[in-house]
Structures are given as structure tokens and as C-alpha cells.
Novice: 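What follows is a structure written as C-alpha cells; I'll ask about it next.
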Amino acid sequence: MPDPLLRSLADAARAVTAAETDRDVLNIVAAAAREVIGARKGVARRGPNGAPPGPRLVAPLMARDGSSLGLIELWDKPGDFTRDDEAIVIQLAQMAANAIETLELLQREHAARLDAEEQGRRLLREKQRAEALHRVGQAIAGRLELHEIVQLATDAARELTPAQFGAFFYNVISDAGEAYMLYTLSGVERSAFERFPMPRNTDIFAPTFTGKGIVRLDDVLADPRYGHSAPYHGMPEGHLPVRSYLAVPVITSDGEVAGGLFFGHPEPGMFSAEDEHMVVGIAAQSAIAIENARLYQERTRTAQTLQRALLPPHLPEIDGLELAATYRAAGEGNEVGGDFYDVFVQGDGSFAVVVGDVCGKGPQAAAVTALARYTLRAHAAAGLRPSYQLVRLNDAMLRQQAPGFVTAALARVELHDEAVQVELTTAGHPMPILARADGTAVAVGDVGTPLGIIERPDLPEVHMTLAPGDLLVFYTDGVSEADAPRRILTEPDLAALVAEKAADGPRAVVEHLERTAVSNAGGNPRDDIACLALRVAAPRRVSERFAARPEAAHDVADALAPLASELGERTAMDVRLLATELVANAVRHADAATVQLEVRLAPRTVHLSVSDDGRGFEAPARPIETPDGPGGWGLYLVDRCAARWGIERGERHRVWLELAR
């Protein structure tokens, strides 16, 4: 073969090797065949034979597996095709077949590589979305406040999708059992939506609020269902522009539509199927979290209701005593605490003051607390000593096999004109603090045996007398052990705390103890805190003695004048009238030399008494009839106006009454 022909074949081989497409390969080998063989016409093609009728030379492009890749065909050659021509065409055909197979192999490898890369990117996106969804789920599941849940879900869904803004409309059940709707926003200021009414079940919102399905639109305006909804394509007037729209209902496990997630973008075609799946996942997690939040809220409401039932709704108003109490449950507030306090009147007129601590929390603690409170109240009719009452409670706990144990401090408080007598027993409970009016403060009592453990508990009893201004404080170990085990407040520590606020009264003292305990616990007490304080009120008194003469009525008015502003006009007039009548009776009927007027003010009552050193008079039958003549009106008015009244005959004759303020 001449050198020029060999060079042509060599050039063709190099060109084929460098070709990028099968079309290039076919063009190169066709041109080389025509040149080397000298045919005027010739092609290489992937398809079937397309030469015109007549003499031609054809060679197939055969793959290694024997399949046909195309052919080379030549025609219109001066002279006949020779065996050499046939050999050259076969060689070029094989060269082309090899090159085409190589290109196809490279293309398949390239396509496989691209597919693998795309698959990798898709798996990476799925992994990232799954991780993001997991993080969102954990964050949502960790919330128990409904508003926090829906706000977090709204923000997360907006950030994980192309949404420009989003909203979560959700239903709320009030404490009264009424349902209403609230919403959160993300990506836009709330002012942009405040002027709009809550969305109604318009065509575009209805599938979400009824729970019928998901709505994902590439272009709201072009959608045949909603694009022509008058007057603003289903949106309120002035609504932010929405072209791309995605809405997913939030449905709880019992099929209730708790709300819906809504997202929008001013440009069309923003939300993909993956975005929809992401929001669906967040909606499902939100539904679970909303159910948990509702259960938590219901449990909290139940616990708070039960807790209120285990504490007195208010402390009684006791003339001569000032009372104050605080209570703070530990933890999240969804469990009933075991601390309790109570103040109630007993059958003999004394008052029982108790603060206790039941071991544990929850329903069992609540049951024992109820047992303790109502057992003590049940025995109040007998007016027993504190140690006897606690023995009765101990017996009841053992008889009913109550779980755990109870510690308590119980005082019997008896009020007298000049002082208050207190009998105190503690059963394994922190000792109360007594703050005297002179500013000193010490722990009082003796630690006894907790109740509900043994049949014969040791319950020592102490007696004390409280004077006006003295203050007695009861508390539970939630105060003294708030910072345990790092620090425990000793009795001197607590006495110092009480002394700091004793002059400001019981309310200031119990609030100071609670604040201190909460602060010591770092703002999150681990145990319940109960405090109760009582102070003997310094009575506001008038005590005047004057000569028993007709002008004594003027002396009465002068003596009562300092109390007029404190009593109020109406009560002051009633007190002055009754005092004048009683003094006039003493002057007129008792043949006395002197008359003594005493008035003592209590928070709810006025105590008035008139005594004389005369012979007195017999108490009339009650109720006193309306007098027929000018006499007898004094006691008639007393009987009509006073809440209680009486006559005492002793060394001095005394008429007393109690008037409600």
C-alpha cells in the first residue's frame, strides 16, 4: 500500500481516537474510506443501508458481542471495487466500531457517574432533611407550652422550605372548656396580619381546616380551583402576595384537626414534593406535641384544682389575731404536693393552727393530706389538746394503712383579753419560730415522732403565752432544706430571717421566707414550700371611768371621738348611741357612783362594755319587745343592733355587746 494511503489511514486512526461523538467517528471513517479507495460517494452510518442501486462496497460495524453498530458503504467509484478496497473498508469499519463502543462505554460510565452523584446528592439531601426533621422533632417534643410548640414548628418549617413567610393557626381550649383560635407567624411581622380576621373556611383554606388534605400550588393565580376566587384569589384584602402556596393540616391521633400550617411565596413554583414531605413531617410531630401539651395542661389543671381543695380557700378572720400564709408547689405544678396548712375553730372556742408535710407527691400524697386535714377537723369539736389530736391522726393513718408518713406542727390557740395562750406539739416537724415584740426570735417546741409509723408516737407538748405584737411562724422543710445538701438553714438562721421582717407583720414574714427558699434553690425549688404566721394584734382600746351623773352622755361622746375615723361614720354613730344608752341605764337604774366604758376594736367587730359599781338590774327576757313608753329603749336597741350581748353580775355589774363592723 502506497505511503500516502498509509498516512491517510494513520491520520484517520488518530482522528477517530480523538473523536468525542459517534457522529464524528462516522464522518472521519467515511472520509478516509472515500479518499483511500477513491470512491466519489460514501457514508458511514448507524442506520441501515441507504446507497442507491448499483455497485457498492459495504462493511458492517460489528461490536465485540457480534451486534451491529452500523455500516460503511461506498459507491460511484471509477472502476470496480477490489479485494484491497474490501480489506481497507473492513479495517476502517472495525476501527469505527471500536471507537463507537469506547465512546458508548465512556458515555455509560459518565451517565452512571452522574447518576451516582445525583443519587449521592439526593441521599445527602434526604439525610440532611431527616436530621433537620429529627432536630425539629426533638425541640418540639421538649416543649409543653402550646404557643412555644406551634411557634417553633412554624419557624422550622419556614426555614427548611423555600417559604418566604408562614403561619400556624391552631385551636385552643380555655379553662372554661371553650374553643378559640390563635396563630403564630414566621418571616413576617405580626402587624402584617393583625388587621385581618381569622381565616374562614374559604375554598382555599377549607381543605386544611377540615383536614381533607394537603394543598400545594405552584401558582395560586393559575390554579383553576382558586385562581379566580373572588375577590382576592381566596386571600383577604391586602394580604401579602402569594403565588406559591403550601398548606398542611395538623391532625391529632383521634382525628381532630388541631390547626394548620400555611406557607407562601410571591414567586411561582417554589415548593417541591420534598418540601411538602418536610412540612407533613413537622405537622405530624406538632400534632403529637400538641396532644402532649394538652395532656400536661389538663394534668396541671387537675393537680391545681386538687391542690386548692387540700388547702383552705382563705384563712379565717379572727379578732385579736393577724394571719398570713403562702404555699408554693415544687416542680412544674402538674403534681399535687404534700405540704398543707389549716386554721379552724374548735368546739371550745379555741383555734387550731396546723402546718404539715406528707411524704411524697402525687395522688397518694393528696389522699394522705386529705386524711390528715379532715381527721384533725373532725376532732376539732372536742377541743382536744394538740398531742391528743395528733394521736388520733396517727391512729387513723395506721388503721387505713396510709403510705409514707406525716410530719406536723399543731397549736391550740386560745384568745383572752390580755394575752393568747398556745399549746404546741410537733410530730417530726421543723420547730416553729417565735418572734417576740421586743425583736428577739427563737425556735420553740420539741421534736416528736412523725405520724403513721409507730402506734405510740412521742408527742411532747409545750405551753407559751403570746402578748400583743408577738408572732409565731410555722413552715415546712421546703424552706430550711431548699439548698440541701449544699446548705441547710438552721433554727438560728430561720429565727434571724423571721426577726428581719417580724415588725412588718405576718404577710411580710411568710413572703420573706418563701423568697429566701426560692432564691436558695436557684429559682427552682425541689420541694414544696408552706409557711403560716400569726401575730397577736395590739387591740385598739378606749377605757374611761367617770362619775355616774346625767351629764355622762357627753363624757361618752368625748371618750369615743378618737375612734370615729377608724370606725367610719355609720359604725361610729351606732357605737356612740349604744354606749350612751348603756351609760344612761347605769346612771338611771344602778345607783352607781362611777361608770366604766371600755371599747376594743377587732378587724371585724367592736367590743363594747359598760360596768358600774351599783346594784345592777336583772336581764330581761329575749327577744326584747318594743317598749310601750319612754323607758326600756336602751336594751331594746342593744338587742336589735348587737351581734351578741350579755349581762354579768359580779363585784361590778357589766353589760357587754359585740357589734359587727
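Each residue takes its place number in the sequence, starting with 1. Atoms considered below: every heavy atom in the structure, side chains included; atoms not considered: hydrogens, waters and symmetry mates.
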Novice: Among Thr154, Leu246, Ile214, Val280, which residue meets the side-chain contact (heavy atoms from CB on, under 4.5 Å) test with Leu261?
Specialist: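 When Thr154, Leu246, Ile214, Val280 are each tested with Leu261, the side-chain contact (heavy atoms from CB on, under 4.5 Å) holds only for Thr154.
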
Novice: Taking NZ, NE, NH1 and NH2 as the nitrogens, is one of them in Arg158 or Asp155 under 4.0 Å from a carboxylate oxygen of the other?
Specialist: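 The answer is no: the pair does not qualify as a salt bridge.
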
Novice: Compare every heavy atom of Gly213 with every heavy atom of Pro249, then report the nearest pair and how far apart it is.
Specialist: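 Taking every non-hydrogen atom into account, CD-O, 3.5 Å.
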
Novice: Going by atom types only, do Thr476 and Asp339 share a side-chain donor-acceptor pair under 3.5 Å?
Specialist: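 There is such a pair between these side chains.
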
Novice: Are Val215 and Leu217 packed together at the side-chain level, in the sense that at least one heavy-atom pair is separated by less than 4.5 angstrom?
Specialist: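 The answer is yes; the side chains approach within 4.5 Å.
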
Novice: State whether the side chain of Ser519 and the backbone N or O of Arg515 hold a donor-acceptor pair below 3.5 Å, judged by distance alone.
Specialist: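 The answer is no, because no donor-acceptor pair under 3.5 Å joins these two groups.
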
Novice: Using modelled atom types and a 3.5 Å cut-off, is there a donor and acceptor pairing between side-chain atoms of Gln151 and backbone atoms of Leu185?
Specialist: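 Indeed, once roles are kept as given, a pair shorter than 3.5 Å links the two residues.
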
Novice: Could you report the tightest heavy-atom contact between Glu514 and Thr326, atom names first, then the distance?
Specialist: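 That would be OE1-CB, 3.1 Å.
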
Novice: How about Cys531 and Tyr341: do any of their side-chain heavy atoms sit closer than 4.5 Å?
Specialist: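 No, their side chains stay 4.5 Å or more apart.
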
Novice: Answer whether the closest heavy-atom distance between the side chains of Phe263 and Phe271 falls below 4.5 Å.
Specialist: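 With C-beta onward as the side chain, the pair touches.
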
Novice: Take Val220 and Ile204, measure what side-chain contact (heavy atoms from CB on, under 4.5 Å) needs, and give me the verdict at the end.
Specialist: CA-CA 9 Å; Val220 173; Ile204 197 168; 4.1 Å; yes

Novice: Rounded at 0.5 Å granularity, tell me how far CG in Leu103 sits from CZ in Arg108.
Specialist: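 The CG atom of Leu103 sits 10.5 Å away from the CZ atom of Arg108.
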
Novice: Please step through salt bridge (charged side-chain N to carboxylate O under 4.0 Å, His left out) for the pair Arg243 and Glu267, ending with a clear verdict.
Specialist: CA-CA 5 Å; Arg243 298 289 295 276; Glu267 297 179 8; over 6 Å; no

Novice: Mind checking the CH2-NZ spacing from Trp75 to Lys41? Nearest 0.5 Å is all I need.
Specialist: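 Rounded to the nearest 0.5 Å, the CH2-NZ separation comes to 7.0 Å.
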
Novice: Search all heavy atoms of Phe340 against all heavy atoms of Ala372 and return the closest pair with its distance.
Specialist: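 In terms of heavy atoms, the two residues are closest at CZ-CB, 3.8 Å.
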
Novice: Can you sort out the partners of Asp85 under side chain to side chain donor-acceptor pair (under 3.5 Å), two or more places apart, ordered by chain and number?
Specialist: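 Counting only residues at least two positions away or on another chain, Asp85 forms a side chain to side chain donor-acceptor pair (under 3.5 Å) with Lys77, Thr82.
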
Novice: Is Glu256 salt-bridged to Arg294, cutoff N-O under 4.0 Å?
Specialist: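 Looking at Arg294 together with Glu256, the answer is yes, because their closest N to O distance falls below 4.0 Å.
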
Novice: Walk me through whether Arg328 and Asp528 qualify under side-chain contact (heavy atoms from CB on, under 4.5 Å).
Specialist: CA-CA 6 Å; Arg328 181 187 178 110; Asp528 303 332; over 6 Å; no

Novice: Which atoms form the tightest heavy-atom contact between Gly264 and Val242, and what is the distance?
Specialist: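 Smallest interatomic distance, heavy atoms only, reads CA-CG1, 4.3 Å.
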
Novice: If you measure from CG on Leu74 to CG on Leu57, what distance do you get to the nearest 0.5 Å?
Specialist: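 The distance works out to 5.5 Å.
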
Novice: Ser67 side chain to Ala63 main-chain N or O, any donor-acceptor pair under 3.5 Å?
Specialist: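 Side chain of Ser67 to backbone of Ala63, a donor-acceptor pair under 3.5 Å: no, none is there.
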
Novice: Specify the closest pair of heavy atoms between Phe165 and His265, including all atoms of both residues, with the distance to one decimal.
Specialist: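 Scanning both residues completely, I find the closest heavy atoms to be CZ-N, 4.5 Å.
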
Novice: Kindly determine whether Asp477 and Ser480 satisfy side chain to side chain donor-acceptor pair (under 3.5 Å), including the steps that lead there.
Specialist: CA-CA 5 Å; Asp477 58 10; Ser480 55; 6.0 Å; no

Novice: Can you confirm whether the side chains of Ser253 and Glu291 place a donor and an acceptor under 3.5 Å from each other?
Specialist: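 Short answer, yes.
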
Novice: Does atom CD (Gln401) have a neighbourhood of more than 12 heavy atoms from anything else shown, all under 6.0 Å?
Specialist: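 At most 12 heavy atoms, drawn from other residues, nucleotides or ligands, come within 6.0 Å of this atom.
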
Novice: Which is it for Leu69 and Met62 under the side-chain contact (heavy atoms from CB on, under 4.5 Å) test, yes or no, and what are the steps along the way?
Specialist: CA-CA 6 Å; Leu69 299 175; Met62 302 298 295; over 6 Å; no

Novice: Side-chain contact, heavy-atom cut-off 4.5 Å: Val279 with Thr161?
Specialist: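 In short, these two side chains touch, coming nearer than 4.5 Å.
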
Novice: Does a donor on one side chain and an acceptor on the other come within less than 3.5 Å for Asp275 and Ser272?
Specialist: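 Note: Asp275 and Ser272 side chains meet the donor-acceptor criterion.
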
Novice: Is there side-chain contact between Tyr327 and Ile529, with heavy atoms separated by less than 4.5 Å?
Specialist: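 With C-beta onward as the side chain, the pair stays apart.
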
Novice: How many angstroms lie between atom CD1 of Ile100 and atom CG of Leu61, to the nearest 0.5 angstrom?
Specialist: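 Output value for this atom pair is 5.5 Å.
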
Novice: To the nearest 0.5 Å, what is the distance between CZ (Arg34) and CD1 (Ile72)?
Specialist: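 One finds 10.5 Å between CZ of Arg34 and CD1 of Ile72.
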
Novice: Work out which heavy atom in Ala287 is nearest to a heavy atom in Ile251; give both atom names and the distance.
Specialist: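 Scanning both residues completely, I find the closest heavy atoms to be CB-O, 3.2 Å.
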
Novice: Looking at side-chain heavy atoms only, is the closest gap between Asp24 and Val16 below 4.5 Å?
Specialist: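 Sidechains of Val16 and Asp24: no contact.
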
Novice: Is the closest basic N to carboxylate O distance between Asp22 and Arg46 below 4.0 Å?
Specialist: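 A salt bridge links Asp22 with Arg46.
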
Novice: Find the distance between OG (Ser244) and CZ (Arg216) and round it off to the nearest 0.5 Å.
Specialist: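 Rounded to the nearest 0.5 Å, the OG-CZ separation comes out at 10.0 Å.
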
Novice: Can you find a side-chain donor-acceptor pair between Asp115 and Gln119 that sits under 3.5 Å?
Specialist: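 No - no donor-acceptor pair under 3.5 Å links their side chains.
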
Novice: Side chains of Asp218 and Asp223: does their closest heavy-atom pair fall under 4.5 Å?
Specialist: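 They are not in contact (no side-chain heavy atoms under 4.5 Å apart), so the answer is no.
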
Novice: Determine whether Thr208 and Val248 make a side-chain contact, defined as any pair of heavy atoms from C-beta on separated by less than 4.5 Å.
Specialist: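 They are not in side-chain contact.
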
Novice: Answer yes if the ring centres of Phe262 and Phe209 are under 6.0 angstrom apart, and no otherwise.
Specialist: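 Ring centres of Phe209 and Phe262 closer than 6.0 Å.
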
Novice: Carefully, step by step, assess Leu71 and Val43 under the rule side-chain contact (heavy atoms from CB on, under 4.5 Å).
Specialist: CA-CA 8 Å; Leu71 55 82; Val43 296; 5.7 Å; no

Novice: Please say whether more than 12 non-hydrogen atoms of neighbouring residues, nucleotides or ligands are located less than 6.0 Å from CD in Glu20.
Specialist: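 No, CD of Glu20 has 12 or fewer neighbouring heavy atoms, counting only those of other groups under 6.0 Å.
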
